[in-house]
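Below is one structure, written out as structure tokens; comments come after it.
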2 protein chains.
Amino acid sequence: MRLLVARCSVTYEGRLGARLSPAIRLVLCKADGSIAIHSDTKAYKPLNWMNPPCTIEESDGTIVARTPKGETLRIELHEILQDTTLELGEDAGLEKDGVEAELQKLIAARVAALRDDFTLVRREYPTDIGPVDLLCRDGDGRAVVIEVKRVGDIAGVDQLLRYQERLDRDPGLAPTLGVFVAQQIKPQAKVYAESKGVACIQIDLDRLRGDVDPDLTLF
Amino acid sequence: MRLLVARCSVTYEGRLGARLSPAIRLVLCKADGSIAIHSDTKAYKPLNWMNPPCTIEESDGTIVARTPKGETLRIELHEILQDTTLELGEDAGLEKDGVEAELQKLIAARVAALRDDFTLVRREYPTDIGPVDLLCRDGDGRAVVIEVKRVGDIAGVDQLLRYQERLDRDPGLAPTLGVFVAQQIKPQAKVYAESKGVACIQIDLDRLRGDVDPDLTLF
DNA sequence: ATCTATATTTCGAGG
DNA sequence: CCTCGAAGTATAGAT
């Protein structure tokens, strides 16, 4: 990893055109071949960057990176304030929990927490327009199509409706019941869902964890 | 801007939970109050981060950042390899050109390039669920609703269908014709669009530029 | 390799 | 303030 702090100008030509007039910035060159140019604002996002794969040439105080697809990033260095290179070594990487995949897993393990007559048929039930998050049956044997989101918006409801439309073509499943499950459901999505006969359920992740694994709550 | 290179462990608890086991990483603290933790891979995206507004406390080799909403980022520094702070000053910022707005502008200027009997009624035609990209009429006087994307996916088709549903309530416009225009249209979006009676047109940006301003192609 | 769906998406515009 | 749509989206998983 190279940390280069310099007064510099930058141009990018590729999917769009972009220019940066001279100022002091951090040029971050990673071992993976990427370059990112950071200012002291714009939290976490670089002003300009280039992702691998790209070839990087440096000469005469100018760094030029090119991708095979014809994108070009050119950095002109006017004054170098700091230039250090460090060996960072391997990184085990990030472990995450609480993303949609876990949400779906937790709900699958306890569909009865949504409505007590629900039983799981299967997760990721395949259709020709993609997999349905959860397919269940209710107490009357009616097929229940469940779409799980962390944040539920109108597009998510549409996604559920597309699945229902497909599954309703199967006489063994029609007519399906649609259920939209999310940690947070936007008001407009709720209105839209209900106008389409889709039930909305907001769930609490911590509570669901407790339901699934009650041991965790005993200590 | 502070550039801190250290062997460190990190935990984040907030919208999700995330943990980083000890390794050497760059901790980037910007003047805007943000913190980003970078490894030598994952071009451009930090492993972990915290955006402003947040309060940052440092003591005993531990940095803790908290947002008002209850998110917490905790960095434990085990070994510091480099720790420099620099004054970067103001940055004029980035100038961009050539995004979807230009695409829409070019198509608006030459709707006849899509189908020769199309004439433009207006761009950004307002509805109560947002503006339609382009509203046109065809040779038979039928209203044509056009949605423009750079990359056209299924969600974009649904967006178009929602607009059509709204405009079809207006007797002066119903029944509308839907046209989905993009530089690239995903296969599933194409299938879905055609099953809904929506026409798909892939356009070439450079060619469209030539159509609109033929002078540019003469030199 | 390509396609699909998610993201602590982030970011900006508009109501 | 929220909501919506775009992003040089990036990234991970599945086909």
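Naming: A, B, ... by sequence-line order, numbering from 1 per chain.
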Rounded to whole Å, how long is the line connecting atom [atom1] of [X] with atom [atom2] of [N]?
X        : N      : atom1 : atom2 : answer
A:Leu16  : D:dT9  : CG    : C1'   : 11 Å
A:Lys69  : C:dT2  : NZ    : C1'   : 13 Å
A:Asn48  : D:dT9  : CG    : P     : 13 Å
B:Leu103 : D:dA6  : CG    : P     : 11 Å
B:Gln183 : D:dG8  : CD    : C1'   : 12 Å
A:Leu94  : D:dT11 : CG    : P     : 13 Å
A:Arg19  : D:dG8  : CZ    : C1'   : 14 Å
A:Asp97  : C:dT8  : CG    : C1'   : 12 Å

If we take the P atom in both C:dC11 and D:dT11, what is their distance in whole Å? 15 Å
Between D:dG5 and C:dT8, how far apart are the two P atoms, rounded to whole Å? 22 Å
Does the side chain of B:Arg150 get closer than 4.0 angstrom to OP1 or OP2 of D:dT9 through an N or O atom? yes
Evaluate A:Asp32 against B:Thr41 for side-chain hydrogen bond (donor to acceptor under 3.5 Å, both in side chains), listing each step before the verdict. CA-CA 5 Å; A:Asp32 61 3; B:Thr41 56; 5.5 Å; no
Okay, side chain of A:Lys186, backbone of A:Val151: is any donor-acceptor separation there less than 3.5 Å? no
Looking at B:Arg162 and A:Asp158, is there a salt bridge between them, counting it only when a charged N and a carboxylate O are closer than 4.0 Å? yes
Pairs satisfying ring-ring contact (aromatic ring centres under 6.0 Å, His included), at least one member in residues 44-67 of chain B, at least two apart: A:Tyr44-B:Trp49, A:Trp49-B:Tyr44
Per-nt protein contacts along nucleotides 10-15 of chain C (heavy atom under 4.0 Å; B base, S backbone sugar-phosphate only, - none) come out as SSS---
In sequence, state the C-alpha distance, the side-chain angles, and the governing distance for B:Arg19 and A:Asp97, and then conclude on salt bridge (charged side-chain N to carboxylate O under 4.0 Å, His left out). CA-CA 9 Å; B:Arg19 289 158 304 286; A:Asp97 59 77; 3.2 Å; yes
Is the shortest heavy-atom distance from the side chain of A:Asp133 to the side chain of A:Val181 under 4.5 Å? no
Does some side-chain heavy atom of A:Lys149 sit less than 4.5 Å from a side-chain heavy atom of A:Glu100? yes
So what does A:Asp153 touch, heavy atoms closer than 4.0 Å: a base, only the sugar-phosphate, or nothing? nothing
Do any N or O atoms of the protein come closer than 3.5 Å to N or O atoms of nucleotides 3-6 of chain C, and which pairs are they?
from  : atom 1 : to       : atom 2 : distance (Å)
C:dT6 : OP1    : A:Glu100 : OE1    : 3.2
C:dT6 : OP1    : A:Glu100 : OE2    : 3.2
C:dT6 : OP1    : A:Lys149 : NZ     : 3.0
C:dT6 : OP2    : A:Lys149 : NZ     : 2.8

Nearest atoms (heavy-atom pairs only) where A:Asn51 meets B:Ala43: OD1-CB, 3.6 Å
Indicate whether any N or O donor in one side chain lies under 3.5 Å from an N or O acceptor in the other, for A:Lys196 and A:Gln164. no
